[in-house]
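Both backbone and side-chain heavy atoms feed into the values below; hydrogens, waters and symmetry mates do not. Throughout, protein chains are lettered first and strands after them, A, B, ... in sequence-line order, and every chain is numbered starting at 1.
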Amino acid sequence: MFRQFREEVEAALSAALSSLDLPDDDLGVEEPPEDVPATLASSVAFRLAGVVGAAPPSVAADIAEEISVDGYDYLAAVDTQGPYVNFHVTDAYYDDTLTAAAEDVEYGRLPSTGDSVVVEHTSANPTGPVHVGRARNPIVGDAVANLLDFAGNDVERHYYVNDAGRQMAVFTWAYETFDEDDLDSEPDRDRIEYDLVRYYQKGNAFLEEADPDEVEAAEAEITEILQGIEEGDEETYARVETVVDQVLGGMRECLARLPAEFDEFVKETRFMFDGRTRDLAERLKETDQAVYEEDAWQLELDEYDIEKNLVFLRSDGTSLYTTRDLAHHEWKFDNYDRAVTVLGEDHKLQAGQLRAALDLLGNDVDKLENVIFSWVNLPGGLGMSTREGTGVMLDDLLDEAIDRAREEVETRMEDRIRNDDLDEDDIERIARQVGIGAVRYDIVSKQPTKSITFEWDQALNFEAQSAPYIQYVHARCCGITDEAAAAGLDASDVDPSVLDTDAERELLRVIARFPAVVEEAADDLEPHTIATFARQFAEVFNRFYRECPVLSADDEEVAAARLALVESSKHTVANALDIIGVEAPESM
RNA sequence: GGGCGCGUAGCUCAGUCGGACAGAGCGUCGGACUUCUAAUCCGAUGGUCGCGGGUUCGAAUCCCGUCGCGCUCGCCA
């Protein structure tokens, strides 16, 4: 309803300004502070004061006077408070919000845009277990995908697998060269990628520490693997994929715990074998920006403010990661209306070169959008690295989160009032939902551009401003709706006007805003604003919960209307949580 | 050194496409469970929005400078 109201406000204000012969290019429509009893306001009078030659409050009064609310469904009245023009809603605004939200379990979902969007995220090289430094990518990526889906797009989630690069060649060589006996540690966990990463680490250590002769021999083998892939040699490909598929399989299991799941794992070798990479390199050579320097084909991107040349063919004629990624992206453009990529800030330059090169090749690069996130560090400024084996593993973080949540559930079980007979399975379910939810919320609720210092106690705080705080609201809603069903209370035909307390009105106002919050978050690709909304929503709901009894309300009409409000709340909070990838427990 | 990002309460963070007194949580201190679940709620405490200039009726927000931190500047990915 908020979205429609905003449109009405803009139309009414714009019309008034026109009839006063004032410019309406900047309406200055904004949300007023909490203590102002208006739903929207405009600061346009400040800007027009100079034009009119009067003080802002006087201009505001003139504008308010000129605005007609006739013919609008939700715009009830206009008044001023000093220089601000304030806009108030009709009862229909509240009525329609309650009806829409209470009846629709998908409340907040926007109408279809008709666009297909591919969201690529994570895409970590299959070198070993997922650590927390990388975990920001699947968590943010999954939320971005959910958000775009909820905003009406047809979304596919892709994981781009770098199976043709040097790292995988090193891994393959190490896997084939070393034996279990050569390794000096046991796997940290009984899953394939924890087993195999030891070969990768061993191989890298060897390349750094072994005698130069031995290193040279190893490098020759690695180069042979890379060239085999480049030439499309099936046997070499099979050797590499043996490693890739095993490690990726393990990483996939880990990511599924979040859960972050994918519609497709797109391997870069695919764009080598089908000839797209070669064709693309030929087209790049034809551009005016292509130069052949130091035996390698490069692209000069000065006109895109990128000083560094992009090498797209090595002196031995083989392709580079970015060359293959260019072919990958043209494939995306062929198959989707929009392409969103979630990537770490260390890939920013590469992403800029990619966009520039795609533009040179005549693609509409407006279809390509990036979400860039900064690093997650360990306390003390330590980084995380798979090659060096440093960092907190995502599996360990999730286990610890679930363990702490289980302890919490068991402690609370003793003085639990509600008599709904939770069994062992419930305890385990709640521990998992709360533990993993807390981790996800901790990460998804922050702006991706800011770097994060990972701290256990911070991430696993189960109180306010955390996932459990919000999940608890959902559980409370479910508790009420269950009781209401048992008591035969019906919320299908209610009179919204009986909801007249501040707490009830405030709750309806927040619910009404939800679709607009989804819209804005999707436009900006900022799922963290959904997390902020969910927290604010939970605060407002808790006030309602405290002040407005539902089942024991004074009369049946109020009880029914409040029940509808609880249904609305349940849908709103469930959907907000769903977007940020946090489960909504029915009891906890 | 060049480019990009970040700097808001003791700590972790919202707010940043200029607008109403800069907001939460944690922490500290003090209150509220015979009540639809207290993972809750209420109150107190806490700020030169890194620093210095500028633009503006108005700046945490825009511009310039400066300091600190991170990323980046491979025929790696």
Side-chain angles (χ1 to χ4, degrees), chain A residues 28 30 32-36 41-43 46-47 49-50 55-56 81-84 123-125 127 162 164-168 268 294-298 305-308 311-316 318 320-322 325 344-350 352 372 374-375 377 381 383 405 408-409 411-412 415-420 430 434 442 445-447 449-453 455 457-459 461-473 475-484 487 524 528-529 531-532 535-536 538-539 542-543 545-553 562-563 566 587-588:
Chain A
E30 59 191 69
E34 273 180 42
D35 56 336
V36 174
S42 169
S43 58
F46 282 113
R47 278 179 291 286
Q81 192 168 330
Y84 291 93
S123 301
N125 291 342
T127 52
N162 309 136
R166 181 181 152 81
Q167 292 187 53
M168 292 323 299
E268 63 177 338
E294 295 173 42
D295 300 331
W297 277 98
Q298 317 191 4
D305 288 325
I306 298 171
E307 291 184 16
K308 198 177 86 71
V311 177
F312 61 91
L313 284 181
R314 292 189 180 98
S315 48
D316 64 2
T318 60
L320 288 93
Y321 170 82
T322 305
D325 204 20
E345 63 174 344
D346 52 334
H347 286 68
K348 224 169 157 179
L349 174 63
Q350 188 263 331
I372 295 181
S374 194
W375 231 231
N377 289 310
E408 202 69 25
V409 176
T411 306
R412 290 165 196 275
D415 45 28
R416 204 163 184 280
I417 297 170
R418 192 173 170 80
N419 145 40
D420 53 3
I430 295 165
V434 164
D442 183 59
S445 62
K446 292 163 187 167
Q447 285 189 64
T449 48
K450 302 208 179 190
S451 58
I452 296 181
T453 299
E455 289 183 73
D457 290 341
Q458 197 72 41
N461 178 351
F462 296 149
E463 298 196 329
Q465 218 163 73
S466 70
Y469 174 79
I470 300 159
Q471 290 173 312
Y472 192 57
V473 164
R476 278 181 152 176
C477 288
C478 291
I480 295 170
T481 54
D482 287 354
E483 296 275 334
D524 300 339
H528 80 273
T529 57
T532 303
R535 201 208 72 237
Q536 288 168 345
E539 282 169 13
N542 280 325
R543 180 183 168 203
Y545 183 88
R546 186 180 69 253
E547 295 180 7
C548 305
V550 177
L551 301 169
S552 56
R562 285 182 178 168
L563 180 59
V566 171
S587 64
M588 62 186 278

Any idea which of [options] is nearest the [X] side chain?
X         : options                : value
Arg412(A) : A77(B), A39(B), U40(B) : A39(B)
Thr449(A) : C6(B), C41(B), C73(B)  : C6(B)
Phe46(A)  : A14(B), G15(B), C57(B) : C57(B)

## Note on the structure
Assert: residue with more 5' nearest nucleotide on RNA chain B, out of Arg47(A) and Val550(A), is Arg47(A)

### Query
Starting at the 5' end of RNA chain B, which residue's closest nucleotide do you reach first, Asp524(A) or Ala405(A)?
Asp524(A)

### Lys/Arg-Asp/Glu bridge criterion (N-O < 4.0 Å) met for Glu539(A), Arg543(A)
no

Give a yes/no on whether any side-chain N or O of [X] is located under 4.0 angstrom from OP1 or OP2 of [N].
X         : N      : answer
Tyr545(A) : A38(B) : yes
Gln447(A) : G15(B) : yes
Lys450(A) : G7(B)  : yes

Mind checking if [X] touches a base, just sugar-phosphate, or nothing, with heavy atoms under 4.0 Å?
X         : answer
Cys548(A) : base
His528(A) : sugar-phosphate
Val434(A) : base
Tyr469(A) : sugar-phosphate
Ser43(A)  : base
Ile470(A) : nothing
Leu551(A) : base

### Task
Determine the Euclidean distance between corresponding P atoms of C49(B) and U8(B); express it in Å to zero decimal places.
11 Å

## Note on the structure
Pairs under 3.5 Å (Watson-Crick or G-U), crossing ones as [ ], inter-strand ones as |: RNA chain B comes out as (((((((..((((.....[...))))((((((.......))))))....(((((..]....))))))))))))....

### Summary
Whether each nucleotide of nucleotides 20-27 of chain B has a protein heavy atom under 4.0 Å at its base (B), only at its sugar-phosphate (S) or at neither (-) is summarised, 5' to 3', as BB--BSS-

### Query
Which glycosidic conformation, syn or anti, is assigned to C4(B) if syn requires a torsion within 90° of zero?
anti

